[in-house]
Structures are given as structure tokens and as C-alpha cells.
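One-based numbering along the sequence shown.
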Amino acid sequence: MRTRTTEGLENMGFAAKALEGAHKQIGDIDKVHDLMDDIAEQQELANEISGAISSPMGFGMDIDEDELLAELEDMEQEDIDAQILDIPESSINLPSVPTAVPASAAVDEDEENLAELASWAAKLIFFRE
């Protein structure tokens with residue numbers, strides 16, 4: 001009959017043989033240190049990559065949204081100005097500019113002149129009396 005102590009000792013023996021086999025495969029301790037250094041370097045590289053991916057696109061710079069909106073509006077206005085200035089003249093069919101004064105405007109001007117003259121004459125008569 002096996003006791004717990006006997007089973008424990010047997011398990012420790014198996015563990016010791018397994019460790020001895022692992023040590024034979026690995027070789028000397030310098031190989032283990034080299035392997036651990038390689039793992040540490042790869043972890044550092046992975047951390048740098050993770051940090052670069054998770055950092056904001058502005059690379060830590062404070063971004064003023066009002067300034068960005070103003071810049072966008074300026075760019076849009078420049079685009080609109082360029083479109084306005086780029087309209088070919090032949091595509092616009094506008095009437096020609098009249099050279100004579102319209103008849104109704106001439107009559108209105110004459111009436112204003114007559115009213116001004118009458119006002120002046122009334123003042124002149126008023127001062128003589």
C-alpha cells in the first residue's frame with residue numbers, strides 16, 4: 001500500500017528527472033540568459049509598436065478645433081473663389097448695358113428740378129416781402 005509520502009517522493013523523482021532532461025536540452029546557463037535577453041528585446045519592441053498604434057494621431061500635440069475649422073473655411077472659400085474666377089465669359093448670356101437714360105428717369109429728374117426751382121423761387125419771394 002502506497003502512502004501519500006511515497007507518492008510525493010516518487011513525483012519529486014519524476015520532476016527531478018524531467019528537470020534534468022530539460023537542462024540537458026538547454027545546455028548551459030549562458031544560453032538561457034541569451035534567450036531571456038532576446039525575449040526582453042522582443043517585448044520592448046512589441047511595447048513600442050503598441051504605444052505607436054494607441055497614441056493619438058496628433059502625436060501628443062494639442063489640436064485647436066476652432067483653428068482647424070477656420071483653416072477649413074479658408075480653404076473652402078479659396079475653392080469657391082477659384083470656381084467663380086474660372087467661369088468662362090462665353091457661357092454667360094447677359095443683356096447689353098443701356099447707354100441712354102430711360103424716359104421715365106428723365107421725367108422724374110425734370111420734376112425734381114422744377115420742384116427745386118419752385119422752392120427756391122418761393123424763398124426768394126418770401127425774403128422780398
Side-chain angles (χ1 to χ4, degrees):
M1 193 158 130
R2 294 176 45 168
T3 64
R4 287 187 196 178
T5 306
T6 309
E7 285 180 18
L9 287 174
E10 277 183 14
N11 287 335
M12 281 193 239
F14 293 138
K17 286 182 184 179
L19 283 172
E20 185 180 336
H23 290 148
K24 284 181 183 176
Q25 274 186 330
I26 293 174
D28 84 50
I29 192 70
D30 290 333
K31 288 182 182 178
V32 173
H33 286 298
D34 291 341
L35 179 63
M36 294 306 291
D37 289 341
D38 290 343
I39 291 172
E41 287 177 23
Q42 294 304 316
Q43 284 178 331
E44 287 177 23
L45 180 61
N47 287 338
E48 286 180 29
I49 291 170
S50 176
I53 290 172
S54 64
S55 68
M57 291 304 292
F59 301 105
M61 296 172 25
D62 292 331
I63 298 173
D64 184 6
E65 289 187 25
D66 293 333
E67 185 178 320
L68 285 176
L69 286 174
E71 186 175 343
L72 176 62
E73 288 175 4
D74 289 344
M75 292 169 66
E76 289 173 342
Q77 186 61 46
E78 287 175 7
D79 189 40
I80 291 170
D81 293 345
Q83 289 175 1
I84 289 173
L85 295 176
D86 195 32
I87 296 175
E89 291 182 30
S90 62
S91 68
I92 302 174
N93 295 324
L94 297 175
S96 60
V97 177
T99 56
V101 176
S104 64
V107 170
D108 290 341
E109 188 176 316
D110 287 344
E111 287 177 12
E112 286 178 22
N113 288 339
L114 285 175
E116 188 177 325
L117 186 59
S119 170
W120 179 74
K123 287 179 187 176
L124 189 62
I125 293 172
F126 178 70
F127 283 121
R128 285 192 165 185
E129 290 179 356

I'd like to know whether Q42 forms a side-chain hydrogen bond (donor to acceptor under 3.5 Å, both in side chains) with D38, so could you lay out the CA-CA distance, the side-chain angles of the two residues, the decisive distance to 0.1 Å, and finally the verdict.
CA-CA 6 Å; Q42 294 304 316; D38 290 343; over 6 Å; no
Report the C-alpha distance between L35 and V32 in whole Å, list the side-chain angles of each, state the deciding distance to 0.1 Å, and finish with yes or no for side chain to side chain contact (heavy atoms under 4.5 Å, CB included).
CA-CA 5 Å; L35 179 63; V32 173; 5.7 Å; no
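Distance check: N11 CG to T6 OG1 gives 11.0 Å after rounding to the nearest 0.5 Å. Separation of atoms OG1 (T3) and CG (L9) is listed at 8.0 Å; rounding is to 0.5 Å. To the nearest 0.5 angstrom, Q77 atom CD is 7.0 Å from I84 atom CD1. Between the CD atom of E78 and the CG atom of D81 there is a distance of 7.5 Å, given to the nearest 0.5 Å. Taken to the nearest 0.5 Å, the CG atom of L45 stands 4.0 Å off from the CD1 atom of I49. With values rounded to the nearest 0.5 angstrom, M36 atom CE is found 9.5 Å from H33 atom NE2.
Within a 6.0 Å radius of CD in E10, other residues, nucleotides and ligands contribute more than 12 heavy atoms. Counting heavy-atom neighbours within 6.0 Å of E7 CD, excluding the residue itself, gives a total above 12.
Hydrophobic clustering, with ILVMFWY side chains joined whenever heavy atoms are under 4.5 angstrom apart, groups I39 together with I29.
Inspection of the Q43 and N47 side chains reveals no N or O donor paired with an N or O acceptor under 3.5 Å.
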